[in-house]
Visitor: 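Below are the structure tokens for one structure; questions will follow.
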Number of protein chains: 2
Amino acid sequence: MAEALEGRRSRRTATLASLAAELGVSRTTVSNAYNRPDQLSPALRRRVLDTARRLGYPGPDPVARSLRTRKAGAVGLLLTEALSYAFRDPVAVQFLEGLALACEDNGSGLLLVPVSPEADDPGAVARAGVDGFVVYSMPDDDDNFHAVLERPVPVVVCDQPTAVPDVDRVGIDDHAAMVDMARHLAGLGHRRVGVLCMRLSTERNDGFASVERQQRARYEVQRRRLAGLREGFAEAGVDWSAVPVVERYDHSESAGASAAEQLLAQHDVTAIVCTSDILALGALRHARTAGRAVPDEIAVTGFDGVPAAERAELTTIRQPTLDKGRAAGELLLDRGDRQRSRTLLLPTELLARATSGPAREFR
Amino acid sequence: MAEALEGRRSRRTATLASLAAELGVSRTTVSNAYNRPDQLSPALRRRVLDTARRLGYPGPDPVARSLRTRKAGAVGLLLTEALSYAFRDPVAVQFLEGLALACEDNGSGLLLVPVSPEADDPGAVARAGVDGFVVYSMPDDDDNFHAVLERPVPVVVCDQPTAVPDVDRVGIDDHAAMVDMARHLAGLGHRRVGVLCMRLSTERNDGFASVERQQRARYEVQRRRLAGLREGFAEAGVDWSAVPVVERYDHSESAGASAAEQLLAQHDVTAIVCTSDILALGALRHARTAGRAVPDEIAVTGFDGVPAAERAELTTIRQPTLDKGRAAGELLLDRGDRQRSRTLLLPTELLARATSGPAREFR
DNA sequence: ATGAAAGCGCTAACAT
DNA sequence: ATGTTAGCGCTTTCAT
């Protein structure tokens with residue numbers, strides 16, 4: 001009993017070679033017994049497998065096999081945040097579901113690479129035994145991302161960074177989507193608007209973000225969404241330099257709520273545009289708490305189209321997150337002998353729901 | 001450019017040995033340049049790294065390193081369902097978050113093993129390059145689980161199967177929790193009750209489950225929860241053989257809704273006890289659709305304590321799902337030289353909320 | 001149907 | 001601080 005436990009505790013006892021010796025056959029034969037049953041007589045195969053069981057041989061070591069075959073049988077996933085964040089953000093979860101679907105179809109494992117934002121040890125990436133990487137939404141100039149690019153395996157990026165030479169990418173047109181949103185609100189008469197956005201750099205800055213900071217943002221997605229809003233509102237004559245943009249480092253409802261509070265404390269706006277549903281849900285919560293009627297007094301919009309946004313009847317941009325995950329996986333796994341890198345832009349959709357309506361002045 | 005792509009496409013060009021040859025140093029030195037910077041002069045290290053870059057050497061191959069060091073740097077996760085299910089079930093997502101937290105702390109990767117319920121090829125388990133496995137809620141006698149036990153690495157089971165010799169386990173007292181729930185309802189006067197449960201075997205059976213089927217269930221958790229209910233209601237004089245139990249293979253709200261419908265079509269009960277929140281949420285939805293007032297006309301209870309249950313004010317049993325995940329990871333990763341296997345039972349809590357109230361007869 | 005030979009690419013004693 | 005030696009455990013042509 002204690003011995004069985006011991007046996008399970010990584011003490012490899014028999015090897016393919018020792019088993020072959022015991023049986024008086026070659027290693028090839030033993031290997032074939034596991035990997036190519038048709039290459040040897042059923043009787044011999046039985047004998048091999050029985051002896052294996054008797055000797056406690058657990059079958060070919062997967063790592064040794066991977067070394068030999070040069071296939072790990074797994075896809076690595078690199079995330080912006082700590083590993084566990086993947087399960088906290090509903091958008092990430094959706095993306096992962098799609099990616100997992102693609103892996104499943106391919107019989108590939110999915111290895112979540114343990115990156116710690118603090119310890120900038122890109123070692124984990126270098127140590128990951130994978131056949132390729134999917135990179136989910138990383139800032140420009142990220143060490144871990146660079147480490148991924150060093151690895152001689154295919155890479156697919158989701159969302160950001162864009163424009164990495166020779167790397168496939170799947171994403172959406174963040175700019176165009178936000179131009180749409182701006183037009184939607186401008187069409188409802190909104191001119192005095194405020195914006196809540198996600199972090200723009202890797203250093204924490206919870207507060208207003210200057211136009212310069214917006215343009216220098218290290219997160220391309222945020223940069224493009226803000227630029228889209230700027231362009232869309234410009235069409236309606238809104239001077240962007242007067243539009244307050246509040247940034248939050250953490251991506252959570254409470255961050256959204258506090259950002260909304262900070263915004264409204266200093267600016268009299270008729271609409272709060274958020275660059276994510278989570279932030280918008282927080283803004284909604286603050287509006288309710290503060291007794292600001294939505295959408296009568298103030299409009300609130302999101303981005304992503306998560307289930308909770310639907311329940312809240314949030315006006316938002318729906319993006320096909322699950323499809324992005326699946327497409328990323330397929331791009332990585334089904335690549336034939338394709339030489340050129342590909343970029344896949346998936347469609348988005350403006351969902352005008354109950355949290356946006358005519359601006360106060362127009363009611 | 002095309003060459004850079006080619007380079008990324010798994011054609012390993014330089015190796016540690018060729019780099020050493022080029023430099024005229026030993027392989028050890030090159031290895032040290034990467035793994036033990038303190039073992040060689042900074043100047044030499046620079047030279048090694050520079051030459052590596054020039055030659056396109058991507059650093060030590062992780063698989064070869066794993067073979068040599070006998071460490072994969074990753075934990076494998078085995079799930080009941082297809083891989084992607086992990087991201088669809090909120091309870092699984094929570095568990096994974098906890099597990100990821102433990103992995104993170106340990107610098108371990110998390111490998112989701114691609115098991116397909118259909119193709120009973122336990123090969124994926126055998127091929128996973130991991131230092132140990134976490135097994136999440138598997139039925140008794142599962143092929144993939146057996147394959148895990150064959151591997152000479154530590155294993156931690158969450159929930160089920162219980163009582164596997166020499167394997168650590170983390171779980172809750174499902175039986176006791178449901179005794180509590182039965183007492184809660186019985187205390188409110190409920191005597192005519194019905195139950196909605198999750199699948200009891202790997203073959204689909206969407207319909208009523210006989211007492212015998214309940215007792216033969218291959219899913220220990222369901223078996224224990226039903227047994228707990230039986231015991232708890234027995235204290236109030238309820239004859240279990242007259243209690244209708246409706247089983248659903250799929251775990252989804254719509255499964256819960258249809259099960260509730262099936263139950264109510266044939267039985268006049270004052271309470272529907274569900275073995276999961278998801279099923280209960282579905283039952284709630286059906287009750288609303290069918291115009292049955294909850295809790296006035298009928299009580300509905302769940303199990304798990306997911307966020308959606310809180311929003312619905314569902315009476316349920318809260319279990320510390322995230323903690324289970326973290327504990328499973330810690331049990332696997334922080335095992336000292338412990339010889340005995342351990343079982344960790346985490347506490348649960350009955351949350352009496354708005355979906356349970358006095359039985360009709362007692363109002 | 002089975003075997004022999006030749007590595008896959010690396011690290012860890014142990015020397016020097 | 002650097003080199004020597006000795007594998008880690010396996011698969012895969014190519015022969016027989």
Side-chain angles (χ1 to χ4, degrees), chain A residues 10-48 51-52 55-73 123 126-131 151-153, chain B residues 10-48 51-52 55-73 123 126-131 151-153:
Chain A
S10 80
R11 203 194 40 188
R12 166 166 289 276
T13 152
T15 71
L16 185 143
S18 72
L19 180 53
E22 170 84 17
L23 281 158
V25 303
S26 79
R27 298 195 301 255
T28 309
T29 299
V30 178
S31 176
N32 283 339
Y34 285 94
N35 303 320
R36 305 174 162 186
D38 48 314
Q39 296 297 297
L40 74 180
S41 65
L44 180 53
R45 182 167 133 93
R46 261 268 61 81
R47 217 178 108 228
V48 172
T51 311
L55 261 52
Y57 174 64
D61 180 282
V63 174
R65 165 191 271 143
S66 286
L67 174 58
R68 185 59 237 237
T69 60
R70 311 246 36 118
K71 287 226 120 298
R127 275 189 292 268
V130 297
D131 301 318
R151 295 277 307 262
V153 296
Chain B
S10 80
R11 205 194 40 188
R12 166 166 289 275
T13 152
T15 72
L16 186 143
S18 73
L19 180 53
E22 169 84 16
L23 282 157
V25 303
S26 79
R27 296 194 304 251
T28 306
T29 300
V30 177
S31 176
N32 282 339
Y34 285 94
N35 302 319
R36 306 173 160 186
D38 49 313
Q39 295 297 298
L40 74 181
S41 65
L44 179 54
R45 182 167 134 91
R46 261 268 62 81
R47 219 178 107 227
V48 172
T51 311
L55 262 52
Y57 175 64
D61 179 282
V63 174
R65 165 191 271 141
S66 286
L67 174 59
R68 184 59 238 238
T69 60
R70 313 244 34 118
K71 287 224 122 299
R127 274 188 294 267
V130 297
D131 301 318
R151 295 277 307 261
V153 296

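Per chain, numbering begins at 1; letters A, B, ... match sequence-line order.
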Visitor: Give the rounded distance in Å between these two atoms: CG of B:Leu16 and P of D:dT2.
Guide: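 Distance check: B:Leu16 CG to D:dT2 P gives 15 Å.
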Visitor: To the nearest Å, how far apart are A:Leu67 CG and C:dC10 C1'?
Guide: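 The distance from CG of A:Leu67 to C1' of C:dC10 comes to 8 Å, rounded to the nearest Å.
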Visitor: Checking B:Ala126 now: which residues fulfil side chain to side chain contact (heavy atoms under 4.5 Å, CB included) with it, not counting sequence neighbours?
Guide: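 B:Ala126: no side chain to side chain contact (heavy atoms under 4.5 Å, CB included) contacts found.
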Visitor: Could you tell me the separation between the CG atom of A:Asp61 and the C1' atom of D:dG7, rounded to a whole number of Å?
Guide: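 Rounded to the whole Å, the gap is 14 Å.
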Visitor: Can you pull the side-chain hydrogen bond (donor to acceptor under 3.5 Å, both in side chains) pairs that have at least one residue in residues 37-48 of chain A, sequence neighbours excluded?
Guide: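 Sorted result for residues 37-48 of chain A: A:Arg46-A:Asp50.
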Visitor: Please state whether the phosphate of C:dG9, meaning OP1 or OP2, lies under 4.0 angstrom from any side-chain nitrogen or oxygen of A:Arg70.
Guide: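 Yes, such a contact exists.
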Visitor: Just to be sure I understand the geometry, which residues of residues 21-31 of chain A put a non-hydrogen atom under 4.0 Å away from DNA chain C?
Guide: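 DNA chain C contact set from residues 21-31 of chain A: A:Gly24, A:Val25, A:Ser26, A:Arg27, A:Thr28, A:Thr29.
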Visitor: Tell me, which of residues 33-47 of chain A have any heavy atom that sits under 4.0 Å from an atom in DNA chain D?
Guide: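 Those residues whose heavy atoms fall under 4.0 Å from DNA chain D, taken from residues 33-47 of chain A in numerical order, are A:Asn35, A:Arg36.
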Visitor: Is there a side-chain contact between A:Thr51 and A:Tyr57 (heavy atoms, below 4.5 Å)?
Guide: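 Not touching, per the 4.5 Å side-chain cut-off.
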Visitor: Rounded to the nearest Å, what distance is computed from the CG atom of residue B:Asn32 to the P atom of nucleotide C:dA13?
Guide: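 Those two atoms, CG and P, are 12 Å apart.
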Visitor: What distance do B:Leu23 atom CG and B:Leu44 atom CG have between them, rounded to the nearest 0.5 Å?
Guide: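 Between B:Leu23 CG and B:Leu44 CG, I get 7.5 Å after rounding to 0.5 Å.
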Visitor: Quick one: does A:Leu67's side chain get under 4.5 Å of B:Arg68's, heavy atoms only?
Guide: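 The answer is no, as the side chains (C-beta and beyond) never meet within the 4.5 Å cut-off.
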Visitor: Rounded off to whole Å, could you give me the CZ-to-C1' distance for the A:Arg127 and C:dG9 pair?
Guide: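 To the nearest whole Å, that distance equals 17 Å.
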Visitor: Which residues pass the side chain to side chain contact (heavy atoms under 4.5 Å, CB included) test with A:Thr28, sequence neighbours left out?
Guide: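 A:Thr28: side chain to side chain contact (heavy atoms under 4.5 Å, CB included) contacts with A:Ser26, A:Asn32.
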Visitor: Who passes side-chain hydrogen bond (donor to acceptor under 3.5 Å, both in side chains) against A:Ser31, sequence neighbours left out?
Guide: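 Counting only residues at least two positions away or on another chain, A:Ser31 forms a side-chain hydrogen bond (donor to acceptor under 3.5 Å, both in side chains) with A:Asn35.
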Visitor: Can you tell me the distance, in whole Å, between the CZ atom of B:Arg68 and the P atom of D:dC8?
Guide: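 Atom CZ in B:Arg68 sits about 8 Å away from atom P in D:dC8.
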Visitor: List in chain and number order the residues that pass side chain to side chain contact (heavy atoms under 4.5 Å, CB included) with B:Arg127, two or more places apart in sequence or in another chain; answer none if no residue qualifies.
Guide: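 B:Arg127: side chain to side chain contact (heavy atoms under 4.5 Å, CB included) contacts with A:Arg65, B:Asp121.
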Visitor: Please, which pairs that meet salt bridge (charged side-chain N to carboxylate O under 4.0 Å, His left out) have at least one residue in residues 17-29 of chain A, sequence neighbours excluded?
Guide: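 Applying salt bridge (charged side-chain N to carboxylate O under 4.0 Å, His left out) to every pair that reaches into residues 17-29 of chain A, excluding sequence neighbours, yields A:Glu22-A:Arg54.
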Visitor: Does B:Arg65 put a side-chain nitrogen or oxygen below 4.0 Å from OP1 or OP2 of C:dT11?
Guide: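 Looking at the OP1 and OP2 atoms of C:dT11, one of them is under 4.0 Å from a side-chain N or O of B:Arg65.
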